[in-house]
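Okay, structure first, notes after.
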Amino acid sequence: MQHDAVKQYYDLLKHRRLSMLFKRLFDILLSLIGIILLSPVLLILSIMIKVDSKGPVLFKQVRVKQYGKTFKIWKFRTMVVNAEKMGAQLTTQNDSRITKVGNMIRKCRLDEFPQLFNILKGDMSFVGARPEVPKYVDAYTPEMRATLLLPQGVTALSSIKFKDESDMLDSSDNPEETYVEEILPIKMTYNLEYLRNFSLWEDVKLMFATVYYVLK
C-alpha cells in the first residue's frame, strides 16, 4: 500500500476526509433503515432457501476489504453446499451448482441483502469496488491496490458496466483466467476512476443507477 502508484490516490483522498466521514454516517443510517424495512423480505427469503435445499441460509466467504484486511462477506446462499469445492470460485450463468431459489434471487441481486449487516458493521460500504477473494487480490498491480484505500462496496460503476459478467464467463473455456486477465483490469479502470472522482454525491448517483439497471 506504500507504492508510489498508490500514494497519488492516498494524497487525493487525504483532502476528502470529511466526505469519507459523511460516507460512513450515510452507510450506518441507510443500512439500519434497510434492515428494518426489509426484515420481512429477509425472513421470507430465508425460509425459501431453507425449504429449497439442504444447508445454511447464509453463504460466508473470506474477502479483502479496506487496507488489505480480510473479513467474511455475507450473502444468501444460492448454490449447493460445498459448491466452492466442486468448481471455480467464479460463477457462470448456467452453473449447475446454483439452486432453483438461488437462480431466482440472483437475477434480482436479492442474494446481496445480508450485506446490509456487513455495511452496518463497517466491513463494507454501499458504494465501492467489489471485495475480491484474496486469490484475485494477489493478482492486482500496484495501482490496482489503490482501490483498497476506500471501503469495498455492494455496488460500483464497474458492477454496473459488468452486470452481464456471468454471461461473459459462461462462454469462456477458462473462466478464472478470463476474469483475471481480461475482466479484472477493465473493472479496475472504472474503480480507479471512482477514486479520482470520489464524493458522497457520486455515491448517491451510483446507487440510483444500480437500482435502475436491476429493475431494467
Side-chain angles (χ1 to χ4, degrees), residues 1-38 60-75 109 111-134 136-163 165 183-214:
M1 296 295 289
Q2 297 180 349
H3 196 279
D4 288 343
V6 177
K7 188 177 183 300
Q8 60 176 316
Y9 292 95
Y10 174 81
D11 291 340
L12 183 65
L13 293 174
K14 187 166 61 176
H15 300 292
R16 299 179 184 176
R17 289 177 179 172
L18 188 60
S19 293
M20 293 172 70
L21 174 61
F22 280 123
K23 177 183 177 71
R24 178 59 189 145
L25 294 175
F26 178 79
D27 284 339
I28 293 172
L29 179 62
L30 201 59
S31 60
L32 273 173
I33 294 173
I35 290 169
I36 294 170
L37 294 180
L38 294 172
K60 301 176 183 179
Q61 186 182 54
V62 175
R63 299 285 182 98
V64 180
K65 63 176 181 177
Q66 190 177 24
Y67 305 132
K69 298 178 180 180
T70 57
F71 75 106
K72 285 190 176 181
I73 194 171
W74 297 332
K75 293 185 177 187
R109 305 294 174 88
D111 58 318
E112 311 282 359
F113 278 1
Q115 285 163 49
L116 287 168
F117 295 95
N118 283 128
I119 295 171
L120 182 61
K121 187 180 175 184
D123 288 330
M124 294 179 65
S125 175
F126 276 100
V127 179
R130 285 294 294 169
E132 299 281 3
V133 296
Y136 298 136
V137 174
D138 289 341
Y140 283 9
T141 64
E143 186 178 21
M144 287 178 182
R145 289 188 173 273
T147 60
L148 300 175
L149 291 172
L150 283 178
Q152 310 305 284
V154 175
T155 189
L157 180 61
S158 57
S159 302
I160 296 172
K161 294 291 186 180
F162 282 87
K163 61 185 183 299
E165 178 183 306
I183 296 178
L184 185 61
I186 301 175
K187 289 175 72 172
M188 282 299 168
T189 300
Y190 290 117
N191 291 333
L192 291 170
E193 179 185 340
Y194 167 71
L195 251 67
R196 290 190 290 269
N197 299 316
F198 168 68
S199 71
L200 188 59
W201 174 237
E202 284 297 318
D203 279 14
V204 172
K205 289 196 295 184
L206 283 170
M207 288 176 68
F208 276 109
T210 300
V211 172
Y212 170 75
Y213 280 106
V214 169

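Everything numeric in this text was worked out from a predicted model, so none of it was measured.
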Could you go through the side-chain contact (heavy atoms from CB on, under 4.5 Å) check for Val62 and Val133 one step at a time?
CA-CA 6 Å; Val62 175; Val133 296; over 6 Å; no
What I want to find out is whether Glu202 reaches Lys205 closely enough, with some N-O distance under 4.0 Å, to be called a salt bridge.
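A salt bridge links Glu202 with Lys205.
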Any salt bridge between Asp11 and Lys7, counting N to O under 4.0 Å?
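Yes, Asp11 and Lys7 are salt-bridged.
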In Å, rounded to the nearest 0.5 Å, how long is the span from [atom1] of [X] to [atom2] of [Y]?
{"X": "Leu120", "Y": "Leu32", "atom1": "CG", "atom2": "CG", "value": "5.0 Å"}
{"X": "Ile186", "Y": "Phe162", "atom1": "CD1", "atom2": "CZ", "value": "4.5 Å"}
{"X": "Arg16", "Y": "Leu200", "atom1": "CZ", "atom2": "CG", "value": "12.5 Å"}
{"X": "His15", "Y": "Tyr10", "atom1": "NE2", "atom2": "OH", "value": "10.0 Å"}
{"X": "Leu116", "Y": "Leu38", "atom1": "CG", "atom2": "CG", "value": "6.5 Å"}
{"X": "Thr189", "Y": "Glu143", "atom1": "OG1", "atom2": "CD", "value": "8.0 Å"}

Work out which heavy atom in [X] is nearest to a heavy atom in [Y]; give both atom names and the distance.
{"X": "Ile28", "Y": "Ser31", "answer": "O-OG, 3.0 Å"}
{"X": "Val137", "Y": "Arg145", "answer": "O-NH2, 3.3 Å"}
{"X": "Gly128", "Y": "Ala156", "answer": "O-CB, 3.3 Å"}
{"X": "Ala146", "Y": "Leu192", "answer": "CB-CD2, 4.1 Å"}
{"X": "Gln66", "Y": "Leu149", "answer": "NE2-O, 2.8 Å"}
{"X": "Asp111", "Y": "Pro114", "answer": "O-CD, 3.3 Å"}

Would you say Lys69 has more than 12 foreign heavy atoms packed within less than 6.0 Å of its NZ?
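Open: at most 12 neighbouring heavy atoms sit under 6.0 Å from NZ of Lys69.
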How about Arg109: does its CZ atom have over 12 heavy atoms from other parts shown lying under 6.0 Å from it?
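For Arg109, atom CZ is not crowded (no more than 12 foreign heavy atoms under 6.0 Å).
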Given 3.5 Å as the limit, does a donor-acceptor pair link the side chain of [X] with the main chain of [Y], or not?
{"X": "Arg63", "Y": "Ile73", "value": "no"}
{"X": "Asp123", "Y": "Gln152", "value": "no"}
{"X": "Arg130", "Y": "Val154", "value": "yes"}
{"X": "Gln115", "Y": "Gly153", "value": "no"}
{"X": "Lys23", "Y": "Val127", "value": "yes"}

With a 4.5 Å limit on heavy-atom distance, are the side chains of [X] and [Y] in contact?
{"X": "Ser159", "Y": "Tyr190", "answer": "no"}
{"X": "Ile119", "Y": "Phe126", "answer": "yes"}
{"X": "Met207", "Y": "Leu30", "answer": "yes"}
{"X": "Phe198", "Y": "Leu195", "answer": "no"}
{"X": "Leu184", "Y": "Tyr140", "answer": "yes"}

Hey, mind stepping through Gln61 and Lys72 against side-chain contact (heavy atoms from CB on, under 4.5 Å) and telling me if it holds?
CA-CA 5 Å; Gln61 186 182 54; Lys72 285 190 176 181; over 6 Å; no
